[in-house]
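To find a chain, count down the sequence lines: A is the first, B the second, and so on, and within it residues start at 1. Every value quoted in this text rests on a predicted model; they were computed, and no experiment measured them.
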Number of protein chains: 2
Amino acid sequence: MLVVKIADIAQRAGVSPATVSQVLNGKYKENRPSMQARAAQIRELAAEMGYKPNAAARSIVRGRFNAISLLIDYGGWGQGISRHLLGEVMAVLNEVDMQLTVTQVPRSVDGEGQAEIFKQRCVDGLLTWFTTGAPQLFVDRCAAERVPSVFLNTKLPRDCIYPDDLGAARKLTQCFLEQGLRRIAYVGQDIPAASRHYSVDDRLAGYLGAMHDAKRKPLVVAPSRVGDELGIHDYINRCLEDFKPEAVICYGGLEESVVTAPWYRGCPIGFFTSASHIYFQSPHWVMRTPDAHMGREGVRALLRKIKTGRSFASQAIPFELTVRPGTSLRRRAPAHAEDES
Amino acid sequence: MLVVKIADIAQRAGVSPATVSQVLNGKYKENRPSMQARAAQIRELAAEMGYKPNAAARSIVRGRFNAISLLIDYGGWGQGISRHLLGEVMAVLNEVDMQLTVTQVPRSVDGEGQAEIFKQRCVDGLLTWFTTGAPQLFVDRCAAERVPSVFLNTKLPRDCIYPDDLGAARKLTQCFLEQGLRRIAYVGQDIPAASRHYSVDDRLAGYLGAMHDAKRKPLVVAPSRVGDELGIHDYINRCLEDFKPEAVICYGGLEESVVTAPWYRGCPIGFFTSASHIYFQSPHWVMRTPDAHMGREGVRALLRKIKTGRSFASQAIPFELTVRPGTSLRRRAPAHAEDES
DNA sequence: TTGTAGGCGTTATCAT
DNA sequence: ATGATAACGCCTACAA
């Protein structure tokens with residue numbers, strides 16, 4: 001008897017399988033002492049024999065899998081997906097006793113790539129993370145497959161949970177303005193619209209909106225990625241050097257170009273990142289992507305959708321702003337470097 | 001007919017469910033043209049109706065789940081688990097058409113924490129990642145549960161796949177010695193044996209062994225973590241300043257204390273890390289934890305174990321050494337900062 | 001209160 | 001060659 005099943009317990013206990021099932025699922029009315037004793041005996045026997053319910057058998061009779069799938073695009077592991085997001089997703093699922101399966105999307109999300117994903121029915125819903133947002137083609141496919149889905153990091157009218165880049169950029173700019181800083185520059189990116197994440201447009205729009213409201217002249221530097229890395233770096237800093245900014249707001253990743261440039265003299269910089277640690281000592285205003293929050297809201301939305309079958313209006317999650325004044329101290333080793341072994 | 005099943009197809013095609021099943025699984029002998037036509041019709045019908053096999057039903061009749069679980073300890077998401085490892089695990093599983101479920105271990109791995117994990121039977125095997133190695137208590141439980149298991153990042157005689165810290169430290173020291181460097185210091189950690197990862201001992205042993213072979217006097221600095229961060233930093237550097245090392249080997253994470261210290265003048269340092277990017281410009285010799293390699297070997301070992309039922313002798317995976325000479329250039333922005341958004 | 005019987009979707013076996 | 005039929009492990013409505 002390699003693997004114990006309900007029938008085994010029933011036989012040893014001298015009752016029917018149905019009774020065992022009821023007892024083990026708490027659907028056994030234990031009114032009288034004799035029944036309590038019986039139930040206790042069955043439970044003890046089950047534990048002793050090492051009984052574990054077979055999830056597959058359960059799924060088939062209950063009509064659901066008690067599992068959702070986290071779908072991550074191919075580039076996702078290089079850049080985007082965060083352990084905080086993953087941790088939060090697992091925590092929520094744990095509460096409702098569901099499993100999480102993780103799947104990597106094939107290179108391309110066109111016809112055959114999709115086929116791979118929807119080949120079999122093994123989860124109740126789909127949580128997706130695409131580094132530059134879920135492609136429309138894929139969103140449509142999910143609808144066609146009638147699989148309850150939630151799209152993280154994607155800005156569409158419905159069924160999405162995404163970071164509020166627009167609001168974050170606006171807030172950041174306003175903070176600088178309230179400090180009395182006026183010459184605020186924005187360093188963005190020039191990316192072809194086709195492969196562009198919504199955040200590229202939204203952060204820029206947030207900055208421009210706040211500057212416009214304050215009647216300040218904006219300065220936008222948006223190098224294209226076509227040139228080499230050095231070219232971008234130099235291009236950004238030539239522009240900034242001319243402008244003599246009192247503060248700089250950078251699209252995530254470009255802040256390093258600024259703080260390491262020769263002209264830079266420690267003016268406040270604001271930028272967006274998902275990293276836990278910041279490795280330089282300039283005064284900085286960091287907008288952290290709300291990974292954990294997004295994960296939590298994402299699963300919850302998905303669970304609701306699975307239960308009700310209804311789609312929902314997309315939800316923007318606010319960034320978290322932390323401010324660190326500059327310091328002339330030598331940089332210290334972090335107490336526990338998160339990304340090091 | 002919300003979800004299509006084999007019976008539906010069979011009815012529409014005017015054949016029995018068994019025939020449909022055979023056709024769809026390629027176990028239908030298509031010898032004669034008439035049979036080929038029939039098979040083609042069934043396949044077309046299945047595609048048209050959007051049939052997807054139900055994984056649970058399959059599992060129950062085939063007796064296995066076609067899935068393994070990756071178990072990660074609570075602290076794992078803050079420190080250890082690597083996306084490269086995860087990516088490689090998924091890639092291997094994809095080839096054999098299996099699913100990966102990810103599970104977070106409860107706070108403690110004692111009795112009740114374990115119970116949570118083994119509550120139900122839903123995978124064919126367990127791949128585990130514990131930041132400081134799998135506790136014996138847990139390893140024993142896996143054996144008792146008769147679940148095929150592989151323990152990553154753990155050094156026990158059997159069923160483990162772990163980074164070769166001993167060999168890596170020895171190699172690193174030998175490299176320095178071959179460069180003609182003689183005064184080589186080692187910066188380690190003083191951690192209570194109970195909660196100590198094997199790498200703490202092994203790296204030190206590798207260093208000491210190589211120094212001994214070369215008949216060089218070792219210098220070991222091993223601050224305890226009891227004091228505050230500042231205390232550790234200062235302690236390390238007071239020792240090193242006195243010793244005047246020509247090279248320093250650091251346990252992962254401590255290298256920052258060295259390169260930012262006032263006495264430090266750019267001597268070569270060697271250290272261990274799982275990070276993709278190094279953020280300082282000293283000449284350094286980096287031993288990278290072989291995450292991807294470990295993931296690949298880990299799943300493969302687990303799949304073999306599931307198939308054969310036999311345990312295996314543990315396997316050490318070599319680190320990957322990369323050397324970067326020091327530079328006086330200003331640090332540039334990385335082309336694609338992996339940990340940034 | 002307890003147990004019997006039927007069904008969930010799929011596949012393997014064995015007559016036809 | 002094809003198709004009934006019987007499992008697989010579990011759950012539950014209903015009958016005893």
Can you tell me the distance, in whole Å, between the [atom1] atom of [X] and the [atom2] atom of [N]?
{"X": "A:Arg121", "N": "C:dC8", "atom1": "CZ", "atom2": "C1'", "answer": "15 Å"}
{"X": "B:Lys119", "N": "D:dC10", "atom1": "NZ", "atom2": "C1'", "answer": "17 Å"}
{"X": "A:Met49", "N": "D:dG9", "atom1": "CE", "atom2": "P", "answer": "13 Å"}
{"X": "A:Leu24", "N": "C:dT2", "atom1": "CG", "atom2": "P", "answer": "15 Å"}
{"X": "B:Gln36", "N": "D:dA1", "atom1": "CD", "atom2": "P", "answer": "14 Å"}
{"X": "B:Ile6", "N": "C:dA12", "atom1": "CD1", "atom2": "P", "answer": "11 Å"}
{"X": "B:Gln120", "N": "D:dG9", "atom1": "CD", "atom2": "P", "answer": "16 Å"}
{"X": "A:Ile9", "N": "D:dG9", "atom1": "CD1", "atom2": "P", "answer": "13 Å"}

State whether [X] places a side-chain N or O below 4.0 Å from either non-bridging phosphate oxygen (OP1 or OP2) of [N].
{"X": "A:Ser21", "N": "D:dC11", "answer": "yes"}
{"X": "B:Arg58", "N": "C:dT11", "answer": "yes"}
{"X": "A:Asn25", "N": "D:dC11", "answer": "yes"}
{"X": "B:Arg38", "N": "D:dA1", "answer": "no"}
{"X": "A:Thr19", "N": "C:dT2", "answer": "no"}

Inset, instruction - With B:Leu127 as reference, evaluate B:Ile161, B:Leu70, B:Ile72 under the side chain to side chain contact (heavy atoms under 4.5 Å, CB included) test and give the passing residue. - result: B:Leu70

Heavy-atom side-chain proximity of [X] to [Y] below 4.5 angstrom:
{"X": "B:Leu71", "Y": "B:Val102", "result": "no"}
{"X": "A:Asn94", "Y": "B:Glu116", "result": "yes"}
{"X": "A:Cys142", "Y": "A:Phe151", "result": "yes"}
{"X": "B:Val4", "Y": "B:Lys52", "result": "no"}

Inset, instruction - Pick base, sugar-phosphate or nothing for B:Ile60, based on heavy-atom distances below 4.0 Å to the nucleic acid. - result: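 Base contact - B:Ile60 has a heavy atom under 4.0 Å of at least one base atom.
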
Inset, instruction - Under 4.0 Å between any heavy atoms, over every strand shown, what does A:Pro53 touch: base, sugar-phosphate, or nothing? Just pick one. - result: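 Counting heavy atoms under 4.0 Å across all strands, the contact made by A:Pro53 is with sugar-phosphate only.
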
Residue [X], side-chain atoms from C-beta onward, closest of [options]:
{"X": "B:Val61", "options": "D:dA4, C:dG3, D:dC8", "answer": "D:dC8"}
{"X": "B:Lys5", "options": "C:dG9, C:dC8, D:dA4", "answer": "C:dG9"}
{"X": "A:Asn54", "options": "D:dG9, C:dG3, C:dG9", "answer": "D:dG9"}

Inset, instruction - Evaluate the salt bridge (Lys or Arg N to Asp or Glu O under 4.0 Å) criterion for residues A:Arg12 and A:Glu48: first the C-alpha distance (whole Å), next the side-chain angles of each, then the deciding distance (0.1 Å), finally the verdict. - result: CA-CA 12 Å; A:Arg12 289 259 307 253; A:Glu48 178 187 317; 3.5 Å; yes

Inset, instruction - Answer yes or no: is there a donor N or O on one side and an acceptor on the other, between the side chain of A:Asp140 and the main chain of A:Leu137, under 3.5 Å? - result: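 Absent.
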
Legend entry - Main-chain N/O of A:Leu152 paired with A:Thr154 side-chain donor or acceptor, under 3.5 Å: yes

Inset, instruction - Hey, which sits more toward the 5' end of DNA chain C by its nearest nucleotide, B:Arg62 or A:Gly14? - result: A:Gly14

Legend entry - Along DNA chain C (nearest heavy atom to each residue), the more 5'-positioned of B:Gln22 and B:Lys52: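 Here B:Lys52 is the residue nearer the 5' end.
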
Inset, instruction - Note down the inter-axis angle between the two ends of the helix from C:dT1-D:dA16 to C:dT16-D:dA1, five pairs each, to the nearest 10°. - result: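 If I round to tens, the end axes sit 50° apart.
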
